[in-house]
Amino acid sequence: MDLRVNGTIWVSPIKPYSKVCLLDLESGRRGFGFNLMSNCDFEKSHKWQCCCAAVFAQRDMTPVDEEKSSTPGVEPSRTTDNFQETKSTIFHRDLSLLPKPLSAADLSSLDNGIKVRVAYQGLPGAYSEAAALKAYPKCETVPCDQFEDAFKAVELWLVDKAVLPIENSLGGSIHRNYDLLLRHRLHIVGEVQLAVNHCLLGLPGAKKNELKRVSSHPQALAQCEMMLSKLGVVRVSAEDTAGAAQMVALSGMRDTGAIASARAAEIYGLDILADKIQDEKDNITHFLILAREPIIPGTDRPYKTSIVFSLEEGPGVLFKALAVFALREINLSKIDSRPLKNRPLRVVDDSNKGSAKYFDYIFYVDLEASMAEPRVQYALGHLQEFARFLRVLGCYPMESAL
Ligand SMILES: O=C(O)C(=O)C[C@]1(C(=O)O)C=C[C@@H](O)C=C1
């Protein structure tokens, strides 16, 4: 006798932040505390489709016994759209197989990266791989061609997490990932700050002054602009820094160098011709950790909440939007704007002065506070009253506190 979930899990009553614990019968792996704010459709996952489950509402920890509570032969009502209206239909037979609640030991093993598969963009030796290993030291890293492939790998349950760069202290925001955050439905569950020390790599025996071309990721080329100008070389763009190192190793060209990490030099058998070649000694890249499920926010340590919103047109609307946080003494650690892609131009027709065309913007803001704090909930409620659109991208522990 086992507990089986056939596709969607049905429970009643569901309260926001109720927890679902899943146990994979094949691996014995215990699943996360899923957040049931929204309808959780496990059909997307082949892996979890045939696993056993118990659903615990946060308040009463009693899984519903279908055999006792439902009328034999009567199919329970199912409404995929509304979790709260569904009848309890958890398919289980053997209570001894019920998973135990997650313990601190389970959580710390996840924190250390045991069994966690983490996607990153680039090849082994890329800085993104180093960031994934900083976040989850024992994780299995999974290289992806493009940033979007890393998003998809998480969505398709090929990996558990993705670690992606979002900002660099020299180059600024990595807009592609801001755009992908909007297009996909993943949640930010953590952040990593990585010190990036670039090296100039060449074939064994190559000399720095023999180089005619240097290849790297565009961000890395931009971060080493001063040295590249001094060398007077042609810049060649690559998908990632490790990819550039691999290309130099495979090409066998002594006059082509790569900007990449010391680890990439080791992996691809290249010489380090110069190190710490970035324009500023302290070169930090900020990475986000993305997952399918949000984490349950707490107040036990400093948290960050990342949001994105757009506003109606009008005088002082952005001021008003930022005031909802200032009034509640919520510190903002970052604000960024991007043109609204699907509706970039707004024509304002003022009959006396002719028509004007403006870009419409979306704003990305990081709050230094947790969603678990009432002041944040009130501030977001307030913002929602006049924002055209508002989404919480994630609430996660600040890295300094990890
Ligand atoms: O090419 C890599 O190694 C990456 O991990 C990408 C990336 C980036 O996109 O900013 C990450 C860190 C450095 O800032 C340079 C490049």
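All ligand and atom numbering here is 1-based and tracks the order in the structure. Just so it is clear, the values below take in all heavy atoms, side chains as well, and ignore hydrogens, waters and symmetry mates.
Close contacts between ligand 1 and Thr241 involve ligand atoms 1 (O), 2 (C), 3 (O) [criterion: under 4.0 Å to a heavy atom]. Heavy-atom proximity to Pro165, at under 4.0 Å, picks out these atoms of ligand 1: 8 (C), 9 (O). Close approach to Gln223 involves these atoms of ligand 1, each under 4.0 Å from a residue heavy atom: 14 (O). Near Asn168, meaning under 4.0 Å from one of its heavy atoms, ligand 1 places the atoms 14 (O).
In terms of N/O distances under 3.5 Å, ligand 1 is not approached by Asp240. The shortest N or O to N or O distance between His198 and ligand 1 is not below 3.5 Å. Between Tyr127 and ligand 1, at least one N/O pair is under 3.5 Å apart. For ligand 1, one of its N or O atoms has an N or O atom of Ser128 under 3.5 Å away. Ligand 1 has no N or O atom lying under 3.5 Å from any N or O atom of Gln219, backbone or side chain.
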Could you walk me through whether Arg185 and Glu155 pass salt bridge (charged side-chain N to carboxylate O under 4.0 Å, His left out), step by step?
CA-CA 8 Å; Arg185 285 266 152 201; Glu155 284 167 344; over 6 Å; no
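The closest approach between Gln121 and ligand 1 stays at or above 4.0 Å for every heavy atom of the residue.
Ring-plane geometry between Tyr127 and His198 is classed as perpendicular, the angle between the planes exceeding 60 degrees on a 0 to 90 degree scale with a lower cut at 30. Using cut-offs of 30° and 60° for the angle between ring planes, the His175 and Tyr178 rings count as tilted.
Protein heavy atom at the shortest distance from atom 13 (C) of ligand 1 is Thr285 OG1, 3.7 Å.
Classification of Lys134 and Glu399 as a salt-bridged pair holds, one side-chain N sitting under 4.0 Å from a carboxylate O.
Glu368 and Asn331 share a side-chain donor-acceptor pair at under 3.5 Å. No donor-acceptor contact under 3.5 angstrom links the side chains of Thr305 and Tyr396, judged on distance only. Glu191 and His286 are linked by a side-chain donor-acceptor pair at a separation below 3.5 angstrom, with hydrogens and angles left out of the test.
A cation-pi arrangement is absent between Lys334 and Tyr364 under the rule of less than 6.0 angstrom and at most 45 degrees off the ring axis.
Residue Ile174 touches ligand 1 through its side chain alone, judged by heavy-atom distances below 4.0 Å.
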